[in-house]
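Structure first, commentary second.
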Amino acid sequence: MDFKKYIAQNIILDGINEEEIYALVTVAANSSFGDFALPCFTLAVRLNEKPFTLAKQIAQRYPKDQIVCEVEDTKGYVNFKINREYWTKVTLTKILTEGDEYGSSKIGEGKTICIDYSSINIAKPFHIGHLSTTVLGSCLYKIYKFLGYTVVGINYLGDYGTQFGKLVYAFEKWGDPALIATGGLRTINDLYVKFHKQAKLDASLEEKAREYSKKIEEGDSRCVSIYETLKAITLKEVTAIYKNLNVEFDDWLGESHFIAKVPDVVKELDSMHLLTENDGAKIVDLAEHNMPPALILRSDGASLYLTRDIAAAEYRKEKYNFDKSLYVVAYQQNLHFKQLFKVLELMDKNWVGDMQHIAYGMVSIEGMSMSTRNGVVIYLEDVITQCICKAESIIQAKNPDLPDLAEVARKIGLGAVIFSVVNMNRIKDVVFSYDKILNFEGETACYVQYTCARANSILEKGNITLQEKNSIIYLLKRLESDDISNTEFDLIKKLSEFPSILQMTLEKHEPCFVTRYAITVAQLFNKFYMESPILNANSYTTYRLALTQATLTTLTNALMLLGIEVPKKM
RNA sequence: GCGCCUGUAGCUCAGGUGGAUAGAGCAAUGGCCUUCUAAGCCAUGUGUCAGGAGUUCGAGUCUCUUCAGGCGCGCCA
């Protein structure tokens, strides 16, 4: 229920419509003022009144009822209090009835969203630099789906370029199949590093790389088979990681798939007189749009990243007819996407406005930026292992008899990994630190999971089923406003915000809204948990159990959207 | 040099469309388990919101400017 709207409807002022009032109504800064507030300053100017007087008038005239039970003015604000009993019953009934659907909606029905995320490179081990795009993209994917959109998760594989010439050459020359079978991508990466070392000593290697690159493209069976082996090893390793992180994709077409479409792109650009030649290369001049030129073809005729991105964008529009196409890619590529969108605009693609670059900050290791080539790298696999180990040792210390210890440790450890990306605004840079990621206290995924475990434990003991809407209403029948404490009411109000939090998350594409929200709910629940008994609370027991269940449901849904699983016990 | 981003407590970060006294977590100190999981709760302290100017009844939030840091700027992706 939209209480702001309800309040706005009941305020009638000359020459000011409901929408304007609705826009001004805010959540009260402090719950001691009330639940909602209307600042009267701008209205007063328009009505030629003093804010204090106007606030007083509105407060006096406001028709109080079953929903809005108290209206008072202070210092130019009108403060509204909502009937606690009403708000509580509406909220708890909704959450308990909807269960794991709570927060979902159908606002996205009939709309398609493409999200390009993770987009790993073939033959490179998954390191913490890849984590942000993977986790942020996955959260957006899950939330869009939850709100009824048709979503296409695209892992735009980096499977094309001269680096594969280098790799295939190195593989053929130095690769030991047995070693690679056990060492996987890390061993393959060593070959890549070795190539670069050797190439510094022997310039002819670069020539070899180009030669092998060409061989792959021409379909040389031996080279292609090595390349396919590399690809298979990569997919096998990342699939395991994606499974752990609960990340899914629907489309795995990589850059190499779009090579064939490059000539058409060039032809189209040319026919629109957008291409100019410069030092032998074909470019789109963007000077009048205050940007450096967009390189379409190199002087040797080869395509570039941007060219293939144009082809891929057109393909996505044709195949999926998206209403929105998102690219979850680091902010280093701001200019690239500005250029891509501008070129598409110049090509009269009227859907370019539906494309958006979702930029995020970079991960560094104590001031050094990540570089596989220079060995400055932290592999995600190691981070996951460490987090799970730490979780395991904490469980050993606190709850050694826990059944499924390993599985619980897995959920907690992975929660920590995911949270490290998603508990701050995505644009912020991150300095990776094991100390930080291995901390399981305070504002962490573990804290939220622990809160769920507590709630779950109580519910098991309480042994009450709250599924039928009628039974919930019956159980809450005798509940009155005076039975609801301030803490409980703060929690209930917060729980009722969940659906709007999800919509906000998509408006801003900020998964951290969900994280912040989950932590706030957990804090309020823990406060409630300490303040009042739930199981032995006489006539309050059923209501408090219902509140406990509603909290568990909301937190579980929130964590699920982040890809974090909730252990029943921990 | 030009463009984009960031700057809030000792540290890490929150602060929907400008609104009432700027908030959490970590770290520190002290309390709370013979009642529901102490991975928790409660209490205590610190802020020139990077500096300056402007718009406004009202600015951490908007505009301009200075400073500091990050990223990017034609044949890599």
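Fair warning: this is a prediction, and the values are worked out from it, not measured in the lab. Throughout, a chain's letter reflects where its sequence line sits, starting with A, and its residues are numbered from 1.
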Base-pairing mate for [N] - Watson-Crick or G-U, with both contacts under 3.5 Å:
{"N": "B:rC73", "answer": "B:rG1"}
{"N": "B:rC32", "answer": "B:rG40"}
{"N": "B:rA9", "answer": "none"}
{"N": "B:rC49", "answer": "none"}
{"N": "B:rA22", "answer": "none"}
{"N": "B:rG16", "answer": "none"}

Indicate whether OP1 or OP2 belonging to [N] is found under 4.0 Å from a side-chain N or O atom of [X].
{"X": "A:K75", "N": "B:rG19", "answer": "no"}
{"X": "A:N425", "N": "B:rA14", "answer": "yes"}
{"X": "A:R298", "N": "B:rC76", "answer": "yes"}
{"X": "A:R454", "N": "B:rA38", "answer": "yes"}
{"X": "A:K428", "N": "B:rA14", "answer": "yes"}
{"X": "A:N423", "N": "B:rA24", "answer": "no"}
{"X": "A:R308", "N": "B:rA77", "answer": "yes"}
{"X": "A:K461", "N": "B:rU37", "answer": "yes"}

Does B:rC71 fall in syn (glycosidic angle within 90° of 0) or anti?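 B:rC71: anti glycosidic orientation.
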Can B:rG16 be described as syn, meaning its chi torsion is within 90° of 0, or is it anti?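 Here B:rG16 takes the syn form, which means its glycosidic angle is within 90° of 0.
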Between [N] and [M], how far apart are the two [atom1] atoms, rounded to whole Å?
{"N": "B:rG60", "M": "B:rU66", "atom1": "P", "value": "22 Å"}
{"N": "B:rA50", "M": "B:rU61", "atom1": "P", "value": "8 Å"}
{"N": "B:rG25", "M": "B:rA43", "atom1": "P", "value": "10 Å"}
{"N": "B:rG30", "M": "B:rC13", "atom1": "C1'", "value": "26 Å"}
{"N": "B:rU55", "M": "B:rG70", "atom1": "C1'", "value": "30 Å"}
{"N": "B:rC26", "M": "B:rG40", "atom1": "C1'", "value": "16 Å"}
{"N": "B:rC2", "M": "B:rU56", "atom1": "P", "value": "31 Å"}
{"N": "B:rA9", "M": "B:rU48", "atom1": "P", "value": "8 Å"}

By nearest atom, which of the nucleotides [options] is closest to the [X] side chain?
{"X": "A:M362", "options": "B:rC75, B:rG70, B:rA39", "result": "B:rG70"}
{"X": "A:K398", "options": "B:rU37, B:rC41, B:rA39", "result": "B:rA39"}
{"X": "A:F33", "options": "B:rC13, B:rU21, B:rC76", "result": "B:rU21"}
{"X": "A:Y450", "options": "B:rA77, B:rA39, B:rG70", "result": "B:rA39"}
{"X": "A:F41", "options": "B:rC57, B:rC13, B:rC76", "result": "B:rC57"}
{"X": "A:M504", "options": "B:rA39, B:rC75, B:rG16", "result": "B:rG16"}
{"X": "A:C446", "options": "B:rA39, B:rG40, B:rG74", "result": "B:rA39"}
{"X": "A:Q163", "options": "B:rA24, B:rA38, B:rA77", "result": "B:rA77"}
{"X": "A:Y447", "options": "B:rC73, B:rA39, B:rC41", "result": "B:rC41"}
{"X": "A:D429", "options": "B:rG74, B:rU12, B:rG70", "result": "B:rG70"}

What does [X] touch in the nucleic acid at a heavy-atom separation under 4.0 angstrom: a base, only the sugar-phosphate, or nothing?
{"X": "A:Q449", "value": "nothing"}
{"X": "A:I283", "value": "base"}
{"X": "A:N456", "value": "nothing"}
{"X": "A:I395", "value": "base"}

Would [X] and [Y] count as having a side-chain donor-acceptor pair, cut-off 3.5 Å?
{"X": "A:E531", "Y": "A:T487", "value": "yes"}
{"X": "A:T74", "Y": "A:N79", "value": "yes"}
{"X": "A:N423", "Y": "A:R516", "value": "no"}

Quick one: OG on A:S485 to CZ on A:R544, what's the gap to the nearest 0.5 Å?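 Interatomic distance, A:S485 OG to A:R544 CZ, rounded to 0.5 Å: 7.0 Å.
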Base B:rA38 paired with A:N526 side chain (donor-acceptor, <3.5 Å):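 No such pair is found, so the answer is no.
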Spell out yes or no: do the side chain of A:S457 and the base of B:rC36 have one donor N/O and one acceptor N/O closer than 3.5 Å?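 Flag unset: no donor-acceptor pair detected.
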Do A:K390's NZ or CZ and the ring of A:F440 fall within the cation-pi criteria of under 6.0 Å and 45°?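 Yes, A:K390 and A:F440 form such a contact.
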Given the rule in the salt bridge (charged side-chain N to carboxylate O under 4.0 Å, His left out) test, do A:E20 and A:R46 qualify, once you have shown the distances and angles that lead to the verdict? CA-CA 12 Å; A:E20 290 173 274; A:R46 287 176 56 186; 2.6 Å; yes
Within 6.0 Å of CG in A:N30, more than 12 heavy atoms from elsewhere: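 Count over threshold, so yes.
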